[in-house]
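The structure appears right after this line, and notes come after that.
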Amino acid sequence: MDKIKNNILIIGSGPAGYTAAIYAARANLKPHLVSGLEPGGQLTITTDVENYPGFGDVIQGPWLMEEMKKQALNVGTVFHNDIVTSVNFESKPFIAKTESGKEFVSKSIIIATGAQARWLNIESESKFKGFGISACATCDGFFFKDQKVIVVGGGNSAVEEALFLTKFASKVILVHRRNSLRAEKILQERLFNNKKIEILWDNKVVEFIGEDNPNSLKQVLLENTKNGTKLKLDISGAFIAIGHDPATSLFKGKLNMDNENYIITKNDSTETSVKGVFAAGDVKDKIYRQAVTAAGMGCMAALEAEKYITENN
């Protein structure tokens, strides 16, 4: 087994992981970063990015991730296109093993494995992802000014997305497979009182329909969950809001997590329940879920890891 001794191991490669790498490398800590299954994270499937500070024009998500990666490389980060399969936080230094047989022996670890939006997993959905279908109203709502959109889901995030979209869309239709919402009562009240929002109870999405070359969403086919009747709607956008899953299965039983498996960190800190192990980005943040907040936490994690290494070395 290839044994690599290092100061900081960063697991994950979205905005949080790359920013942590940039700061750690600039502190001369020679960080090693393991990219994971989806190098670049969720931004690699986000086409137009308009809300990342510093760019006057619309930029592409994959391009932004490539630029962050280049920056991290240029300041001295060592990249590994690999997947971490086990971690041992009880040993000091910490030990992490990868799929390809590497063993990292690290003074500190930064977890930036992110979270994935849950999708409906119907065939037509993948075709229009980024071309009318999104899992983030805050990111993409602006593109649907004066257009008709649907939101799929019935929890807090679905209701929040629907309310947010009323700032842009001419009409928002909430599609829910049951006849009552799981969202908090105060949110439901706001939803029911908003004249721009219509609710379609007891309905599920069967198919997304649109045009090819370039792909663009035009319609959605719904099916009533009680009587099976079909309904076709003309829409420009669909927002899937059925929850997120943080990529934390590797750390279960090793770090404190909440009931949704997000890693818990100390207040105003990225430090986890294990000293020397830090978590940044969507793996610990279920509120904001933005590239810029993830990057900010990556910076925090690197600064905290540097302080931890200095004090404990």
Side-chain angles (χ1 to χ4, degrees), residues 1-41 68-69 71-114 246-257 262-266 269-284 294-313:
M1 188 169 267
D2 189 5
K3 197 173 274 196
I4 302 164
K5 290 187 177 179
N6 61 91
N7 289 308
I8 295 181
L9 173 67
I10 298 162
I11 306 173
S13 57
Y18 286 154
T19 307
I22 291 162
Y23 274 80
R26 284 173 60 85
N28 205 28
L29 290 168
K30 299 179 176 62
H32 286 250
L33 184 149
V34 178
S35 326
L37 261 177
E38 193 178 52
M68 281 194 192
K69 183 180 180 179
Q71 195 175 353
L73 271 168
N74 289 344
V75 287
T77 303
V78 182
F79 277 82
H80 303 268
N81 193 13
D82 208 342
I83 296 163
V84 174
T85 52
S86 72
V87 288
N88 184 346
F89 294 147
E90 288 173 8
S91 69
K92 289 281 175 78
F94 306 117
I95 293 167
K97 293 178 182 177
T98 72
E99 200 172 66
S100 72
K102 293 186 180 85
E103 181 177 291
F104 291 92
V105 182
S106 316
K107 292 175 186 172
S108 177
I109 288 181
I110 294 172
I111 298 165
T113 47
T248 54
S249 55
L250 188 63
F251 315 109
K252 271 187 186 163
K254 297 174 176 26
L255 297 172
N256 287 354
M257 297 182 195
Y262 286 85
I263 295 171
I264 296 169
T265 58
K266 293 183 179 170
S269 168
T270 62
E271 189 176 72
T272 68
S273 52
V274 174
K275 279 195 176 302
V277 178
F278 304 88
D282 288 12
V283 78
K284 64 139 284 181
M297 278 183 264
C299 161
M300 288 165 62
L303 297 177
E304 288 185 285
E306 179 193 7
K307 188 172 181 236
Y308 168 81
I309 290 166
T310 305
E311 288 172 357
N312 291 275
N313 200 9

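Below, each value reflects all heavy atoms present in this structure, side chains not excepted, and no hydrogens, waters or symmetry copies.
Separation of atoms NE2 (His32) and OG1 (Thr77) is listed at 9.5 Å; rounding is to 0.5 Å. To the nearest 0.5 angstrom, Tyr23 atom OH is 11.5 Å from Glu306 atom CD. Leu9 CG to Lys102 NZ: the interatomic distance, rounded to the nearest 0.5 Å, is 11.5 Å. Considering CD of Glu99 and NE2 of His80, their distance stands at 15.0 Å, rounded to 0.5 Å. Once rounded to the nearest 0.5 Å, the distance linking CE of Met68 with OG1 of Thr19 reads 4.5 Å. Between atom CD1 of residue Ile11 and atom CZ of residue Phe251 there is a gap of 4.5 Å, rounded to the nearest 0.5 Å.
Side-chain contact between Lys107 and Asn312 is absent, with no heavy-atom pair separated by less than 4.5 Å. Residues Glu103 and Ile95 are in side-chain contact: their nearest non-hydrogen atoms beyond the backbone lie under 4.5 Å apart. In this structure the side chain of Tyr262 never reaches within 4.5 angstrom of the side chain of Lys284, judged on heavy atoms. In this structure, Leu255 and Ile111 have side chains that are in contact, with non-hydrogen atoms separated by less than 4.5 Å. A heavy-atom distance below 4.5 Å is found between the side chains of Tyr308 and Lys275.
With sequence neighbours excluded, the residues forming a ring pair (Phe, Tyr, Trp, His ring centres under 6.0 Å) with Phe89 are Phe94, listed by chain and number.
Summarising the geometry of Ile8 relative to Ile110, their closest heavy-atom pair is CG2-CD1, 4.0 Å, with the distance given to 0.1 Å. When all heavy atoms of Leu33 and Ala21 are compared, the closest pair comes out as CD1-CB, 4.0 Å. Of all the heavy atoms in Ser13 and Ser35, the pair that sits closest is OG-O, 2.9 Å. Minimum heavy-atom separation, Ala301 to Phe278: CB-CB, 4.1 Å. Contact between Val277 and Thr272 at its shortest, heavy atoms only, is O-OG1, 2.8 Å. A pairwise comparison of heavy atoms in Thr85 and Leu250 identifies O-CD1, 3.1 Å as the closest pair.
Listed for the Thr270 side chain is no donor-acceptor partner under 3.5 Å among the backbone atoms of Ala280. Thr265 places a side-chain N or O within 3.5 Å of a backbone atom of Ser269 that can act as its donor or acceptor partner. Panel note: side chain Asp82, backbone Thr98; no donor-acceptor pair is recorded below 3.5 Å. Judged by distance alone, the side chain of Asn7 and the main-chain N or O of Leu29 form a donor-acceptor pair under 3.5 Å.
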Could you go through Val274 and Lys254, starting from their C-alpha distance and side-chain angles, then the distance that decides it, and tell me whether this counts as side chain to side chain contact (heavy atoms under 4.5 Å, CB included)? CA-CA 8 Å; Val274 174; Lys254 297 174 176 26; over 6 Å; no
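Within 6.0 Å of atom CG in Asn81, 12 or fewer heavy atoms from other residues, nucleotides or ligands are found, so the atom counts as exposed in its surroundings. Heavy atoms of other residues, nucleotides or ligands lying less than 6.0 angstrom from NZ of Lys5 number 12 at most.
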